[in-house]
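These values consider heavy atoms only, across backbone and side chains, with no hydrogens, waters or symmetry-generated copies. Remember, it's a predicted structure, so these values are computed and weren't measured experimentally. Start at 1 with the first residue, then count along the sequence.
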Amino acid sequence: MSSALDAVTTELVRAALEEDVGSGDVTTLATVAADAQAIALITQKAPGAIYGLDVAEAVFRTLDPDARCERLVQEGVWREQGGPVLSISGLARALLTGERTALNFLTHLSGVATMAVRAAREVQGTGAKVLDTRKTIPGLRMLEKAAVAAGGASNHRVGLYDAILIKENHIAAAGGIAQAIERARAAAPELAGTLEVEVRNSGEIDEALAASAPRLLLDNMDEPQLRAAVAQVAGRAELEASGGVTLQSLRELAETGVEWVSMGALTHSAPALDLSLIMEAQS
């Protein structure tokens, strides 16, 4: 895990445990001896790919620094039959108290990785790549984007600070496509290579190309419109298709000749992967 992800994970785990445990896990404290030891096994119960083991382990080690974790699966790898994921040995109280928090992180992030694997499979052979978006759960963006990458899809900009994406409302406020591009290049020349402009029709495509935009966002265009845009641009800019993309529509869009297809559903609509935790007490 990178230092940035490590810092994010530490803070997220702290906040999540504070939210769930509060002043104390009253049931566990009342029923389980402080020195009782146990072993827990997390199991994958549906087809998919696992991601988030660092976070799950951090939950248990926050509650029991001596907890021992054994990984039983490689992250980002599709498993049709599921199976064992993670074994954790340590204080029974820590395993019980951390169970839901660890599974909340792991089922969600594994769901994102699973969606990313499926999306990457859909575009194989087309020459296009699938991008994630900023449609993420607040606070979880870095982890969700890491899950997307683990699943084989690609990351778009992280936030508003690391790339220039001029959308229709920016264009309206700036007074036109050319003006928006000129101002963006002047204000952030170090990001000029990332510059992308949203276009809605052939006229706006011509305006963006005339201003030498290196990348165009073709928003909510259907398959015939995308093919027409690809022909019009003729390689003078990279093209990204976007807007309401699903696993079912992904390949058709990718086959139009665009370089990228962005898919908010990778993060905002990824179903949680079905996982369970079973614990056994140790004598």
Side-chain angles (χ1 to χ4, degrees), residues 1 5-77 79-115 136-144 146-147 150 267-283:
M1 179 182 287
L5 274 181
D6 188 55
V8 168
T9 295
T10 298
E11 177 56 26
L12 283 170
V13 168
R14 182 204 63 76
L17 286 172
E18 182 177 290
E19 175 183 64
D20 197 36
V21 181
S23 59
D25 177 357
V26 292
T27 306
T28 296
L29 292 174
T31 59
V32 180
D35 60 351
Q37 297 286 312
I39 183 169
L41 179 65
I42 295 177
T43 301
Q44 178 183 340
K45 302 168 67 179
I50 295 295
Y51 186 79
L53 294 176
D54 283 325
V55 193
E57 291 174 1
V59 170
F60 294 116
R61 288 185 174 132
T62 298
L63 296 166
D64 176 8
D66 296 323
R68 299 172 301 283
C69 299
E70 180 185 1
R71 298 187 179 193
L72 305 172
V73 64
Q74 182 179 343
E75 290 186 315
V77 174
R79 298 199 301 175
E80 190 65 28
Q81 303 303 321
V85 172
L86 182 68
S87 175
I88 316 101
S89 303
L91 293 172
R93 282 184 173 182
L95 300 184
L96 287 164
T97 298
E99 172 184 358
R100 177 44 49 199
T101 297
L103 287 177
N104 282 348
F105 281 121
L106 194 56
T107 57
H108 172 63
L109 294 172
S110 296
V112 173
T114 295
M115 180 75 88
T136 56
I137 295 175
L140 290 182
R141 180 171 298 171
M142 296 300 292
L143 289 173
E144 288 181 340
T267 49
H268 72 59
S269 296
L273 187 63
D274 189 8
L275 305 173
S276 67
L277 183 149
I278 299 298
M279 193 184 83
E280 294 182 4
Q282 292 182 311
S283 57

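- A pairwise comparison of heavy atoms in Leu41 and Pro84 identifies CD1-CB, 4.2 Å as the closest pair.
- With respect to the salt-bridge test (charged N to carboxylate O, under 4.0 angstrom), the residues Asp54 and Arg71 qualify.
- Paired with Thr97 under the rule side chain to side chain donor-acceptor pair (under 3.5 Å), one option of Asp25, Asp20, Thr27 passes, and it is Asp25.
- Atom CG in Leu17 sits 4.5 Å away from atom OG1 in Thr101 (nearest 0.5 Å).
- For the pair Arg141 and Glu144, the salt-bridge criterion is not met [side-chain N within less than 4.0 Å of a carboxylate O].
- Atoms CG and CG, on Asn104 and Leu109 in that order, are 10.5 Å from each other to the nearest 0.5 Å.
- Side-chain contact between Val55 and Val13 is present, with at least one heavy-atom pair separated by less than 4.5 Å.
- Minimum heavy-atom separation, Leu106 to Ser110: O-OG, 2.7 Å.
- Considering only heavy atoms from C-beta on, Arg79 comes within 4.5 Å of Val85 through its side chain.
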Q: Start with the C-alpha gap between Leu140 and Thr267, add the side-chain angles, then the distance that decides, and say whether side-chain contact (heavy atoms from CB on, under 4.5 Å) holds.
A: CA-CA 10 Å; Leu140 290 182; Thr267 49; over 6 Å; no

Q | Val32 and Leu96: CA distance, side-chain angles, deciding distance, side-chain contact (heavy atoms from CB on, under 4.5 Å) verdict | A | CA-CA 9 Å; Val32 180; Leu96 287 164; 3.6 Å; yes

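- Interatomic distance, CD of Glu99 versus OG1 of Thr28, reported as 9.0 Å (0.5 Å rounding).
- Thr107 contributes no side-chain N or O that, together with a main-chain N or O of Leu273, makes up a donor-acceptor pair within less than 3.5 Å.
- At least one donor-acceptor pair under 3.5 Å links the side chain of Arg93 to the backbone N or O of Leu29.
- When all heavy atoms of Ala147 and Val112 are compared, the closest pair comes out as CB-CG1, 3.8 Å.
- When side chains are defined from C-beta on, Gln37 counts as touching Leu91, because their heavy atoms get closer than 4.5 Å.
- Formation of a donor-acceptor pair under 3.5 Å by the Thr114 side chain with backbone atoms of Ala49 is found in this model.
- Ile88 has its side chain within reach of Ile42: a pair of non-hydrogen atoms, C-beta onward, lies under 4.5 Å apart.
- Although no hydrogens or angles enter the test, the distance criterion places no donor-acceptor pair under 3.5 Å between the side chain of Asp64 and the main chain of Gly90.
- A 4.5 Å side-chain heavy-atom check between Met115 and Pro271 finds at least one atom pair inside the cut-off.
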